[in-house]
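Quick note: residue numbers are just sequence positions, from 1.
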Amino acid sequence: MQLWQDGLVAMLAAIGLASLMWMVVRALFFAQPERRQGVVALIPAQGDGDALEQQVHTLERMRREQGVLGMILLVDCGLTDEGQRVSRLLAREDRWVALCQMEEIGRYLSGA
């Protein structure tokens, strides 16, 4: 019975030590870099915006994990009503995503 209890305590100690080591490794190697506010991703949105959601979510993940960019700008290059609806929903989801017309790009770039 004593051997079984010693084994259980050793296993729990090993798990605790491994968890502490993982926290240290994660803090050192996966630290959040500063977000680059001046970097803007321009996505020319056309048609129904079929791949738009995937592109935006990929860029959001890159921004969140790597701090690669600041703003994602969806540029209306001939969106249908459905594409505009999808774009507006994506812009409403995240404050770092915006929908604009081609003429408005300069306003976003000068403020970035």
Side-chain angles (χ1 to χ4, degrees):
M1 186 71 163
Q2 184 66 27
L3 183 62
W4 181 81
Q5 291 173 346
D6 288 344
L8 182 63
V9 169
M11 181 186 71
L12 292 174
I15 290 172
L17 185 60
S19 297
L20 289 174
M21 291 299 294
W22 178 246
M23 285 178 15
V24 169
V25 167
R26 192 167 174 174
L28 291 175
F29 293 114
F30 300 112
Q32 291 287 342
E34 293 183 28
R35 180 169 292 153
R36 296 184 180 115
Q37 300 295 335
V39 179
V40 177
L42 294 174
I43 299 178
Q46 299 174 337
D48 287 338
D50 296 329
L52 198 58
E53 187 173 2
Q54 180 184 5
Q55 291 173 341
V56 169
H57 288 309
T58 300
L59 289 171
E60 286 174 344
R61 186 172 47 250
M62 287 176 60
R63 181 183 62 233
R64 192 173 50 249
E65 293 174 357
Q66 301 169 1
V68 175
L69 53 95
M71 182 163 213
I72 301 168
L73 192 57
L74 305 174
V75 182
D76 187 348
C77 295
L79 284 169
T80 62
D81 291 337
E82 178 65 20
Q84 288 179 356
R85 186 184 71 77
V86 169
S87 299
R88 282 193 300 270
L89 287 172
L90 288 169
R92 196 177 308 151
E93 263 181 26
D94 188 354
R95 70 182 185 118
W96 294 100
V97 177
L99 173 64
C100 73
Q101 300 297 320
M102 291 181 73
E103 303 82 33
E104 299 173 331
I105 294 174
R107 185 181 66 159
Y108 284 96
L109 294 180
S110 64

**Prompt:** Sequence neighbours excluded, which residues qualify as salt bridge (charged side-chain N to carboxylate O under 4.0 Å, His left out) partners of Asp94?
**Reply:** Arg63

**Request:** Tell me, please, which residues at least two apart from Arg85 pass salt bridge (charged side-chain N to carboxylate O under 4.0 Å, His left out).
**Result:** Glu82

Do [X] and [Y] belong together in a cluster built from hydrophobic side chains that touch within less than 4.5 Å?
| X | Y | value |
| --- | --- | --- |
| Met21 | Met23 | no |
| Leu12 | Leu17 | no |
| Leu89 | Leu73 | no |
| Met71 | Leu42 | yes |

Using every non-hydrogen atom in the two residues, find where [X] and [Y] come nearest and quote the distance to one decimal.
| X | Y | answer |
| --- | --- | --- |
| Cys77 | Pro44 | SG-CB, 3.9 Å |
| Leu79 | Ser87 | CD1-OG, 3.4 Å |
| Leu59 | Ala41 | CD1-CB, 3.9 Å |

**Request:** Kindly give the cluster partners of Val9, where membership spreads through any ILVMFWY side chain lying under 4.5 Å from a current member.
**Result:** none

Separation between [atom1] of [X] and [atom2] of [Y], rounded to the nearest 0.5 Å:
| X | Y | atom1 | atom2 | result |
| --- | --- | --- | --- | --- |
| Leu109 | Glu104 | CG | CD | 12.0 Å |
| Gln55 | Ile72 | CD | CD1 | 10.0 Å |
| Glu53 | Glu93 | CD | CD | 6.5 Å |
| Leu69 | Glu60 | CG | CD | 9.5 Å |

**Complete:** Paired with Asp76, the side-chain contact (heavy atoms from CB on, under 4.5 Å) test is passed by just one of Glu103, Gln46, Gln101, namely Gln101

**Prompt:** Out of Ile105, Ile43, Leu99, which residue meets the side-chain contact (heavy atoms from CB on, under 4.5 Å) rule with Val75?
**Reply:** Ile105

**Asked** Is the shortest heavy-atom distance from the side chain of Asp48 to the side chain of Val86 under 4.5 Å?
**Response** no

